Each structure stands twice: as C-alpha cells, then as structure tokens.
Visitor: 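Here's a structure for you.
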Amino acid sequence: MAKDILGEAGLHFDELNKLRVLDPEVTQQTIELKEECKDFVDKIGQFQKIVGGLIELVDQLAKEAENEKMKAIGARNLLKSIAKQREAQQQQLQALIAEKKMQLERNELKIL
C-alpha cells in the first residue's frame, strides 16, 4: 500500500530498496538506450573511418587516372607530330626524286 502511494507521488524503490524518482523499468530502459546509443556512435565512427579510407583511395585513383590521361594525351600529340614530320619528309623526298629525274633526263638529252 505504501508503495502504491509513493508510486502515485512519482517515487519508487529499486532492487536495492533505494528510493528513486524514476520507475526502475524506465531507468533500465534508459540505461539500455544509453548503451545502444554508445554502440551506434561507435559504429558511426567506424563507418566514418571506412568511408574516409574509401574517399582517400578514390582520390588516389583519380589522380593516377589523371596522370595516365595526361600521358596518353602527350603520346597522342607526339604521334601526331611524328606523322606530320614524316609527311614533310616524304614530300621532301618526292621533290628530291623529281629533281633527280629531271637531272637524269637532262643528262640523257645531252648524251644524245
């Protein structure tokens, strides 16, 4: 009966018969919630570490991809310049061949 009167007044006895303001069940639920929150915060911390590592890895891969892209662009430009040099060289050689043919024809005409 005394417990009922105290319960109505918002006072409760715990398992050690100490007078408490909160109901022991609510106190237990609060402790469980606190532990779950701590576990949740720990898991969020682990998640942040994992995500941080992933972001770092992706950044590193992006830098490597950018470096390879620049190398490929450089190689392509070099290839284009080599092709232009070969065209110019080919034209020079064709002009030289034409000149030599003309000299040969002149020499043949002189001989005749």
Side-chain angles (χ1 to χ4, degrees):
M1 179 108 171
K3 284 188 177 182
D4 292 338
I5 294 172
L6 288 174
E8 289 175 10
L11 300 173
H12 305 280
F13 287 102
D14 65 4
E15 64 276 352
L16 300 174
N17 288 325
K18 289 187 177 183
L19 190 59
R20 302 287 181 191
V21 176
L22 287 176
D23 183 7
E25 188 175 319
V26 172
T27 303
Q28 183 61 34
Q29 290 174 351
T30 303
I31 291 170
E32 289 173 5
L33 180 61
K34 181 180 174 183
E35 290 173 2
E36 287 178 19
C37 287
K38 184 183 178 300
D39 290 343
F40 179 75
V41 168
D42 291 343
K43 287 180 182 179
I44 290 294
Q46 290 174 351
F47 179 73
Q48 286 178 330
K49 285 180 184 177
I50 292 170
V51 169
L54 179 63
I55 289 172
E56 189 176 308
L57 179 64
V58 168
D59 285 343
Q60 182 181 358
L61 290 174
K63 286 178 185 176
E64 290 177 15
E66 188 65 26
N67 287 339
E68 291 300 319
K69 178 180 168 185
M70 291 306 218
K71 286 179 185 177
I73 289 171
R76 182 180 63 192
N77 290 341
L78 180 62
L79 186 61
K80 284 181 182 179
S81 70
I82 289 172
K84 287 181 182 179
Q85 287 175 354
R86 286 194 180 175
E87 282 180 29
Q89 187 178 20
Q90 183 179 9
Q91 288 175 355
Q92 287 176 348
L93 290 174
Q94 286 175 347
L96 185 61
I97 289 171
E99 185 180 322
K100 294 292 180 181
K101 280 184 180 179
M102 289 175 69
Q103 280 180 349
L104 183 62
E105 287 175 3
R106 279 189 231 143
N107 289 339
E108 286 178 357
L109 287 176
K110 285 183 184 178
I111 294 177
L112 290 177

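Reckoned from all heavy atoms, side chains included, excluding hydrogens, waters and symmetry mates. Quick caveat, the model's predicted, so the values are computed rather than measured.
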Visitor: Residues two or more places apart in sequence or in another chain: which of them pass side chain to side chain donor-acceptor pair (under 3.5 Å) with E32?
Guide: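 Applying side chain to side chain donor-acceptor pair (under 3.5 Å) to E32 gives Q28.
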Visitor: With sequence neighbours excluded, tell me which residues meet side-chain contact (heavy atoms from CB on, under 4.5 Å) with E64.
Guide: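 For E64, the residues satisfying side-chain contact (heavy atoms from CB on, under 4.5 Å) (neighbours in sequence not counted) are Q60, L61.
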Visitor: Answer yes or no: is there a side-chain heavy-atom contact under 4.5 Å between R86 and I82?
Guide: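 Yes, close enough: below the 4.5 Å cut-off.
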Visitor: Looking at side-chain heavy atoms only, is the closest gap between L104 and E108 below 4.5 Å?
Guide: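 L104 reaches E108 side chain to side chain.
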Visitor: Among Ile, Leu, Val, Met, Phe, Trp and Tyr joined by side-chain contacts under 4.5 Å, find the other residues sharing a cluster with F40 and list them by chain and number.
Guide: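 In the cluster with F40 are I44.
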Visitor: Kindly indicate whether the side chain of Q46, heavy atoms from C-beta on, has any atom under 4.5 Å from the side chain of K49.
Guide: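 Sidechains of K49 and Q46: no contact.
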Visitor: Establish whether I50 and V58 are linked, either directly or via other cluster members, by ILVMFWY side-chain heavy-atom contacts under 4.5 Å.
Guide: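 I50 and V58: separate clusters.
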Visitor: Is it true that atom CD of E56 has more than 12 heavy atoms of other residues, nucleotides or ligands lying nearer than 6.0 Å?
Guide: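 At most 12 heavy atoms, drawn from other residues, nucleotides or ligands, come within 6.0 Å of this atom.
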Visitor: Working to the nearest 0.5 angstrom, can you tell me the gap between R106 CZ and K101 NZ?
Guide: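 Between R106 CZ and K101 NZ, I get 14.5 Å after rounding to 0.5 Å.
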Visitor: What's the spacing between M102 CE and N107 CG if we round to 0.5 Å?
Guide: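 Result: 12.0 Å between the selected atoms.
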Visitor: List the residues meeting side-chain contact (heavy atoms from CB on, under 4.5 Å) with M70, not counting sequence neighbours, and say none if there are none.
Guide: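 Checked M70 against side-chain contact (heavy atoms from CB on, under 4.5 Å); matches are E66, I73.
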Visitor: For residues 35-46, which residue pairs pass the salt bridge (Lys or Arg N to Asp or Glu O under 4.0 Å) check, not counting sequence neighbours?
Guide: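 Residue pairs with at least one partner in residues 35-46: K38-D42.
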Visitor: Rounded at 0.5 Å granularity, tell me how far CD1 in I97 sits from CD in Q90.
Guide: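 CD of Q90 is found 9.0 Å from CD1 of I97.
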Visitor: Could you give the distance from CD (Q89) to CG (L96), rounded to the nearest 0.5 Å?
Guide: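 Output value for this atom pair is 11.5 Å.
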Visitor: Only pairs at least two apart or in different chains count here, so list each salt bridge (Lys or Arg N to Asp or Glu O under 4.0 Å) that has a residue in residues 71-83.
Guide: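 Found E68-K71.
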